[in-house]
Amino acid sequence: MRAIWSGDCKLENLKSEADATYRRLLCDVEERRAEAKRRSQEMKDIAADERVALLEEGRRAKQELKGLEAEASKVQSALQAGLLTLPMPPDPEVPEGSDDSQNVELRTWGEVPDFSFDAKDHVSLGADLGILDIPRGVKLAGSRNYLLLGDGARLEQAVLRFAVAHMTAKGFDLASVPILVNHACMEGTGYFPGGEEQTYAVPKDDLFLSGTSEVPLTAIHSGETLEESDLPVRRIALSPCFRREAGTYGKEAHGLYRVHQFWKVEQMVIGPNDEDWSIEEQGKMLAHAEEFVQALEIPYRVVDVCTGDLGQGQVRKFDIEAWMPSRGSWGETHSASRFHDFQARRLNLRYKPSGGGKPRFCHTLNNTVAATPRLLIPLLELGQQSNGDVVLPEALESFMGKVLLENPAKG
RNA sequence: GGAGAGGUGCCGGAGUGGCCGAACGGGCCGGUUUUGAAAACCGGUGACCUUCACGGGUCCGUGGGUUCGAAUCCCACCCUCUCCGCCA
């Protein structure tokens, strides 16, 4: 099944014309540089009057070299630009499909509720409880913005702190990272080129508001060569996330499902270049998230994301979709991605094998732990009572201080 | 934001046009000595790309430029430190 990675399908087969041209040019350039070096070595033990001819030759060679170098760098940047758009071949086990409708459900957990009363959606629940104010959020920052107030804001914090505690217990190290990052981070993690329209940019400082802490988290060791004994690196970050959601007008415009700014606890792992290890790790990371959702007593399903719904660099992806009563369906809350060495190559993120030998590219993986306010949707909607109260899962009590959100308007 | 100083190998730190991939010191590795260790002494010790190999190339913050030749000269940028201002 993994023959695609085992060497049959080496870069050899993907080598483009540009690559061959570049190599030829580089070879030529290096030869001429060697010549030039030799010439200037000779120069110093030659009498001044004998230098003239050599100087002239040097000048001419320099012009030629310059031309060649310019050509080489032109070809190289064209090549690199092309390389950046190359997608990662999916794992052969990924189901074929053109879009998310063809994702394959692997399993479900929990009971989908059947309300015996007229159930409300999270927007009216939140408004009635006085913990959610969308109109004023829109007033402050436009559509897809919101305000969480009082217990709403507290609930969000509780979910996030629970997520951090959950992952700390799994041995992940909490990091506080820059979420305003440079172009190299965006490109290195695979968001650029391609994701520019979805990203808030700060042109004055040439920085970008990343849509997930996966970006800084994965880029932490970019350009470095780690020791194999330092691997795997397992970290989480709690950060705000920003997404422009361009081109989604009208799509999920209602409520807290798709918003421009949200909070997320993200898990990220950097490991050795070992696909079996990587596959196993992805399973673990998925399990961490499932346990978390289970603790929140939210029914969910796990989906094996099909080829057509896979991101450029993703080799395999499993989504967790929570049951959201107001949608009458599942909504994505978690996304566990495996990248093989896709991101590591772009980030130049390597490690020195402990057995010796050349540095190798790491493998990287990431998964959501908790994203809010999206997670507040099932939490509020599933916990609602006929009188408009909302009962929260026990697991949040120590973080929230209570589990009952009382409807002030009830009789 | 204003003024100044600086960015060199694992670390400290020399080096102001060819003899510099880079002195010297520390560290690290190996050896001698020692019952063992420490100390002392001797030797070794950068990374990456390319090549079966020989070899070749790149790298002294980054990117340009000058020159036959740049760690060294020029320009721009980035970063760090000190002082002042401001600030969560």
Side-chain angles (χ1 to χ4, degrees), chain A residues 7 10-12 14-81 83-84 153 157 176-188 192 201-209 216 219-231 238-240 261 263 272-273 341 344-362:
Chain A
K10 276 206 172 137
L11 210 57
E12 233 41 59
L14 298 171
K15 261 183 200 165
S16 62
E17 227 171 285
D19 183 60
T21 309
Y22 173 65
R23 276 159 198 275
R24 206 172 51 240
L25 276 168
L26 187 65
C27 190
D28 211 354
V29 163
E30 288 189 354
E31 242 168 61
R32 279 156 198 267
R33 275 193 197 141
E35 261 175 51
K37 263 192 170 174
R38 235 174 288 126
R39 208 177 2 257
S40 39
Q41 281 303 311
E42 283 171 36
M43 191 74 76
K44 55 179 200 245
D45 4 85
I46 280 182
D49 56 327
E50 289 175 54
R51 283 190 178 185
V52 184
L54 210 50
L55 277 174
E56 186 46 46
E57 195 189 330
R59 263 188 284 266
R60 211 183 45 246
K62 190 173 76 164
Q63 285 315 309
E64 277 177 33
L65 181 58
K66 263 188 179 168
L68 271 177
E69 281 175 335
E71 203 182 331
S73 86
K74 214 171 105 190
V75 174
Q76 189 191 23
S77 47
L79 177 63
Q80 225 124 43
L83 247 29
L84 282 176
Q157 290 299 311
S176 179
V177 296
I179 206 70
L180 193 55
V181 299
N182 63 25
H183 191 276
C185 292
M186 297 301 292
E187 186 178 278
F192 288 177
V202 185
K204 193 170 184 183
D205 297 289
D206 205 17
L207 293 169
F208 304 87
L209 278 168
I220 288 176
H221 296 289
S222 62
E224 297 179 24
T225 304
L226 305 172
E227 294 297 329
E228 184 164 17
S229 56
D230 293 335
L231 301 179
L238 162 59
S239 81
Q261 177 180 157
W263 287 88
N273 196 302
D341 60 10
R345 283 178 183 278
R346 294 173 157 241
L347 290 165
N348 192 217
L349 165 55
R350 298 175 301 171
Y351 68 97
K352 202 171 285 183
S354 38
K358 289 189 175 189
R360 308 195 65 196
F361 289 111
C362 296

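Letters go in sequence order (proteins before strands), and every chain restarts at 1.
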Now, which nucleotide makes the Watson-Crick or G-U wobble pair with [N], with each of the two distances under 3.5 Å?
N: B:rU32; value: B:rA40
N: B:rG21; value: none
N: B:rC87; value: none
N: B:rG4; value: B:rC81
N: B:rC54; value: none
N: B:rG69; value: none
N: B:rG27; value: B:rU45
N: B:rU62; value: B:rA76

Could you check A:Arg38 against A:Leu26 and say which one's nearest nucleotide on RNA chain B is further toward the 5' end?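 Result: A:Leu26.
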Both A:Thr225 and A:Arg39 contact RNA chain B. Which one's nearest nucleotide lies toward the 5' end?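 Of the two residues, A:Thr225 wins.
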Grab the [atom1]-[atom2] distance between [X] and [N] for me, whole Å please.
X: A:Glu227; N: B:rC28; atom1: CD; atom2: C1'; value: 13 Å
X: A:Arg23; N: B:rG57; atom1: CZ; atom2: C1'; value: 14 Å
X: A:Lys37; N: B:rG21; atom1: NZ; atom2: P; value: 7 Å
X: A:Arg60; N: B:rU67; atom1: CZ; atom2: C1'; value: 17 Å
X: A:Arg345; N: B:rC49; atom1: CZ; atom2: P; value: 12 Å
X: A:Gln41; N: B:rA70; atom1: CD; atom2: C1'; value: 13 Å
X: A:Asp206; N: B:rC79; atom1: CG; atom2: C1'; value: 16 Å

Under 4.0 Å between a side-chain N/O of [X] and OP1 or OP2 of [N], yes or no?
X: A:Lys62; N: B:rU67; result: yes
X: A:Arg59; N: B:rC68; result: yes
X: A:Lys66; N: B:rU66; result: yes

Give the nucleotide from the list [options] with an atom nearest to the side chain of [X].
X: A:Ser40; options: B:rG69, B:rC19, B:rC49; answer: B:rG69
X: A:Glu30; options: B:rC48, B:rG56, B:rU50; answer: B:rG56
X: A:Lys358; options: B:rC19, B:rG69, B:rU50; answer: B:rU50
X: A:Arg33; options: B:rG69, B:rU58, B:rC48; answer: B:rU58

Is it true that A:Asp28 and A:Arg24 have a side-chain N and a carboxylate O under 4.0 angstrom from each other? no
Do A:Arg60 and A:Glu57 sit within salt-bridge range, that is, some charged N less than 4.0 Å from a carboxylate O? no
Just by distance, do the side chain of A:Arg360 and the backbone of A:Pro272 share a donor-acceptor pair under 3.5 Å?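 No; judged by distance alone, with no hydrogens or angles, the pair does not exist.
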Side chain of A:Asn182, backbone of A:Cys185: donor and acceptor closer than 3.5 Å? yes
Is there a donor in the side chain of A:Tyr351 and an acceptor in the side chain of A:Glu228, or the other way round, less than 3.5 Å apart? no
Parallel, tilted or perpendicular: ring planes of A:Phe208 versus A:Phe192, cut at 30 and 60 degrees: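 Judged by the thresholds at 30° and 60°, the geometry between A:Phe208 and A:Phe192 is perpendicular.
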